[in-house]
Amino acid sequence: MRLVDIRIYPVKSGAGCPVSEANVEPWGLAGDRRWAVVDEAGDNLWLGEHPRMASVRAQNVDGGGLLLSAPGLPDLNVPPAAGEPVPVGFTGLEQAIAAVDAAHAWFTLLLGRPARLVWLDDPRRRTIDPAHGGLPGEVVSFAWDAPLLLTSAASLRLLDEQIGGDAPLDMARFRPNAVIDGAEPYAEDSWSEVRIGEVDFRVSELCDRCAVTTIDPVTLVKGKEPIRTLAKHRRWDGKTWFGIRLVPRNAGRLRLGDPVIVKPDGRG
């Protein structure tokens, strides 16, 4: 098995950025989901309710800023966040740092409703929810439930066969950080520990899937797949499942082509 894709999402719910390598920090890949967009009450304006978020291309800029682009809007350089702490509605986190007013205005125009861009200054302030497999001392960025999400190309190929459509689904629908190939379809369901390159990971839980996966990442149009087919083949506990959530055991660097080694006994 090999690592065949690495993606970071500088802004939560924005488009992913494929990279050839990335540093692994305790809370996830470096530069991944340190920014988020919230409403006036601090609640996350997420992709499932606002598909235009998927059109946002964000690039991390040296020094801590962002370069934002989206169809129909001018590009915007966002300096490092230095505003006041503002309330946010993320589990395990009460406040984040406000970006400049121009960034708020940019996202307000994009979404057609009041919006603010916020920065998570220190991910060590946000612990992983124990309800999603978090253990004491484990931390996470603005990602929902775990520092990394891993999916399998073989699992997607089987899903595509089951759907029987004219074209395969884009893995971008599932918003992974790491994509592997070379395993049997859904072999990842049974993993408890896995090593990718030089980094060991604990599998905190399987990933339950939501309406985000039904949004075409190119057209931004919602459909019925893959949830309809997952519900036929991958439904239990009232949810549908695809991918696994990972918590790093150590710091290190992921590189495309890294070997993937499963440690099912949890002891290596």
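The shown structure was predicted, so the numbers you read here are calculated from the model rather than taken from an experiment.
- The nearest pair of heavy atoms linking Glu193 to Phe201 is OE1-O, 3.2 Å.
- Looking at every heavy atom in both residues, Leu148 comes nearest to Pro248 through CD1-CG, 4.1 Å.
- Side-chain contact between Ile196 and Leu150 is present, with heavy atoms from C-beta onward closer than 4.5 Å.
- Residue Met53 is grouped with residue Val78 when hydrophobic side chains (ILVMFWY) are merged at heavy-atom distances under 4.5 angstrom, including chains of intermediate members.
- The residues Arg173 and Glu225 are annotated as not salt-bridged, no charged nitrogen and carboxylate oxygen being separated by less than 4.0 angstrom.
- The number of heavy-atom neighbours closer than 6.0 Å to NZ of Lys232, taken from other residues, nucleotides and ligands shown, is 12 or below.
- Not counting sequence neighbours, the partners of Leu93 by the side chain to side chain contact (heavy atoms under 4.5 Å, CB included) test are Val88, Phe90, Leu120, Arg125, Arg126, Phe142.
- In this structure the side chain of Trp27 never reaches within 4.5 angstrom of the side chain of Asp32, judged on heavy atoms.
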- request: Give the intermediate values and the outcome of salt bridge (Lys or Arg N to Asp or Glu O under 4.0 Å) for residues Asp122 and Arg124.
  value: CA-CA 5 Å; Asp122 186 356; Arg124 291 171 295 183; 2.9 Å; yes
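- Counting only heavy atoms from C-beta outward, the side chains of Cys207 and Phe174 never approach each other to under 4.5 Å.
- Heavy atoms from other residues, nucleotides or ligands lying under 6.0 Å from CD of Gln59 number 12 at most.
- Taking the side chain to side chain contact (heavy atoms under 4.5 Å, CB included) definition, one finds that His132 meets it with Asp129, Asp145, Glu205, Arg245, sequence neighbours left out.
- Side-chain contact between Thr127 and Glu138 is absent, with no heavy atoms from C-beta onward closer than 4.5 Å.
- Here the shortest heavy-atom pairing between Ile6 and Ser20 reads CD1-O, 3.7 Å.
- Proximity of a side-chain donor or acceptor of Tyr9 to a complementary backbone N or O of Asn177 within less than 3.5 Å is not detected.
- At least one donor-acceptor pair under 3.5 Å links the side chain of Asn60 to the backbone N or O of Gly31.
- Hydrophobic cluster of Leu67: the remaining members, joined at side-chain heavy-atom separations below 4.5 Å, are Val61, listed by chain and number.
- In this structure, OG1 on Thr214 lies 11.0 Å from CG on Leu230, to the nearest 0.5 angstrom.
- Using a 4.5 Å heavy-atom cutoff, the side chains of Val4 and Ile180 are not in contact.
- Atoms CD and OG1, from Glu40 and Thr108 in turn, are 8.0 Å apart once rounded to the nearest 0.5 Å.
- When all heavy atoms of Pro10 and Leu66 are compared, the closest pair comes out as CB-CD2, 4.0 Å.
- Counting heavy atoms from C-beta outward, Ser152 and Val179 have side chains that stay 4.5 Å or more apart.
- Ala99 approaches Trp35 most closely through the heavy-atom pair CB-CZ3, 3.9 Å.
- For Asp200, the side chain to side chain contact (heavy atoms under 4.5 Å, CB included) partners two or more places apart in sequence, or in a different chain, are Arg195, Arg249, Asn250, Lys263.
- Val38 has its side chain out of reach of Phe107: every pair of non-hydrogen atoms, C-beta onward, lies at least 4.5 Å apart.
- In this structure Arg157 satisfies the side chain to side chain contact (heavy atoms under 4.5 Å, CB included) test together with Ala153, Ala154, Asp181, sequence neighbours excluded.
- A side-chain donor-acceptor contact under 3.5 Å links Ser13 to the backbone of Leu47.
- Both the sub-6.0 Å distance and the 45° axial angle are satisfied by Arg234 relative to the ring of Tyr186.
- Within 6.0 Å of CD in Glu184 there are 12 or fewer heavy atoms belonging to other residues, nucleotides or ligands.
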message: Test side chain to side chain donor-acceptor pair (under 3.5 Å) on Ser155 and Glu188; report intermediate values, then the result.
response: CA-CA 9 Å; Ser155 300; Glu188 63 274 15; 2.7 Å; yes
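- With hydrogens and angles ignored, the 3.5 Å screen pairs a side-chain donor or acceptor of Arg2 with a backbone N or O of Gly257.
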message: Is there a salt bridge (Lys or Arg N to Asp or Glu O under 4.0 Å) between Asp39 and Arg113? Walk through the geometry before answering.
response: CA-CA 8 Å; Asp39 63 15; Arg113 59 164 297 165; 3.7 Å; yes
task: Dump the intermediate steps for side chain to side chain contact (heavy atoms under 4.5 Å, CB included) on Trp46 and Lys12, then the final yes or no.
output: CA-CA 8 Å; Trp46 71 298; Lys12 182 176 177 64; 5.7 Å; no
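- Side-chain contact between Leu220 and Ser55: present, with at least one pair of heavy atoms (C-beta onward) separated by less than 4.5 Å.
- Seen from the ring of Trp119, Arg34 counts as a face-on cation partner, given the 6.0 Å and 45° thresholds.
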message: Pair Arg253, Asn23 - check side chain to side chain donor-acceptor pair (under 3.5 Å), show working.
response: CA-CA 4 Å; Arg253 194 164 183 84; Asn23 286 330; 2.4 Å; yes
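- With sequence neighbours left out, the salt bridge (charged side-chain N to carboxylate O under 4.0 Å, His left out) criterion links Asp160 to no other residue.
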